[in-house]
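Predicted model only: the values in this text are computed from it and were never measured.
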Amino acid sequence: MRSRYTAFTLGREDYLCATWADGKAPEALALDPATKWLGLEVKGHWLRGDAQAEVEFVARYREAGRAVRLHERSRFVREQGRWYYVDGDFPSA
């Protein structure tokens with residue numbers, strides 16, 4: 001999770017695409033280089049067996065002068081010893 005957040009802050013679309021689970025990556029990413037990332041708070045993480053996990057986080061950033069708070073519960077799978085992002089839900093407040 002932290003490595004993917006760092007990739008967003010650095011605009012590393014290649015890394016983000018490489019860390020999506022097979023068949024889950026979008027066709028294209030449109031990262032805005034003007035976005036200013038402000039922080040990541042990991043709220044919790046849960047193993048769901050040997051090869052599945054969930055991470056709940058809040059990422060904050062500023063886009064076009066507007067503060068944004070992204071709260072997500074992400075799902076990951078482990079394949080050949082590496083974790084890959086599958087998808088996420090946006091928990092209610």
Asker: Please go through Leu10's hydrophobic cluster and name the other residues, only I, L, V, M, F, W, Y counting, with side-chain heavy atoms under 4.5 Å joining them.
Answerer: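 Other cluster members: none.
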Asker: Search all heavy atoms of Arg4 against all heavy atoms of Leu16 and return the closest pair with its distance.
Answerer: NH1-O, 3.1 Å
Asker: Considering residues at least two apart in sequence or located in another chain, which fulfil the side chain to side chain contact (heavy atoms under 4.5 Å, CB included) criterion with Ala21?
Answerer: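 By the side chain to side chain contact (heavy atoms under 4.5 Å, CB included) rule, Ala21 matches Lys24, Val77, Tyr84, Val86.
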Asker: Quick one: list whatever passes salt bridge (charged side-chain N to carboxylate O under 4.0 Å, His left out) with Lys43, sequence neighbours left out.
Answerer: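 Expected list: Glu41.
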Asker: Would you list the pairs meeting ring-ring contact (aromatic ring centres under 6.0 Å, His included) in which at least one residue belongs to residues 38-70, sequence neighbours left out?
Answerer: Trp37-Tyr61
Asker: Provide the full list of side-chain hydrogen bond (donor to acceptor under 3.5 Å, both in side chains) pairs with a residue in residues 50-60, sequence neighbours left out, each pair given once.
Answerer: Glu54-Arg73, Glu56-His71
Asker: Could you pull out all residues at least two apart from Arg66 that satisfy side chain to side chain contact (heavy atoms under 4.5 Å, CB included)?
Answerer: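 Scan of Arg66 (side chain to side chain contact (heavy atoms under 4.5 Å, CB included), adjacent residues dropped) gives Val68.
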Asker: For Tyr85, give me all partners under side chain to side chain donor-acceptor pair (under 3.5 Å), at least two apart in sequence or on another chain.
Answerer: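 Only Glu72 meet the side chain to side chain donor-acceptor pair (under 3.5 Å) criterion with Tyr85.
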Asker: If you look at every heavy atom in Ala25 and Cys17, which pair is closest and at what distance?
Answerer: CB-O, 4.5 Å
Asker: Mind checking side chain to side chain donor-acceptor pair (under 3.5 Å) for Arg75 and listing every partner two or more places apart, or none if nothing turns up?
Answerer: Asp87, Asp89
Asker: Counting C-beta onward and ignoring hydrogens, is there a side-chain heavy-atom pair between Thr35 and Phe8 closer than 4.5 Å?
Answerer: no
Asker: Tell me whether Leu47 is reachable from Val42 by hopping between hydrophobic residues (I, L, V, M, F, W, Y) whose side-chain heavy atoms are closer than 4.5 Å.
Answerer: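 Val42 clusters together with Leu47.
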Asker: Should Val55 and Trp83 count as side-chain neighbours, where that means a heavy-atom distance under 4.5 Å?
Answerer: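 The answer is no, as the side chains (C-beta and beyond) never meet within the 4.5 Å cut-off.
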Asker: Taking only residues two or more places apart in sequence, or in another chain, which ones meet Asp14 in a side chain to side chain donor-acceptor pair (under 3.5 Å)?
Answerer: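 Side chain to side chain donor-acceptor pair (under 3.5 Å) list for Asp14, sorted by chain: Arg12.
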Asker: Please name all residues satisfying salt bridge (charged side-chain N to carboxylate O under 4.0 Å, His left out) with Arg62, sequence neighbours left out, ordered by chain then number.
Answerer: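 Salt bridge (charged side-chain N to carboxylate O under 4.0 Å, His left out) check on Arg62 returns nothing, list empty.
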Asker: Suppose we screen for side chain to side chain donor-acceptor pair (under 3.5 Å). Which residues come up paired with Ser3, at least two apart in sequence or across chains?
Answerer: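 Listed in chain order: Tyr15.
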Asker: Drop me the distance from Glu79's CD to Asp22's CG, to the nearest 0.5 angstrom.
Answerer: 5.5 Å
Asker: Got a sec, which residues hit side chain to side chain contact (heavy atoms under 4.5 Å, CB included) with Pro33, two or more places apart in sequence or on another chain?
Answerer: none
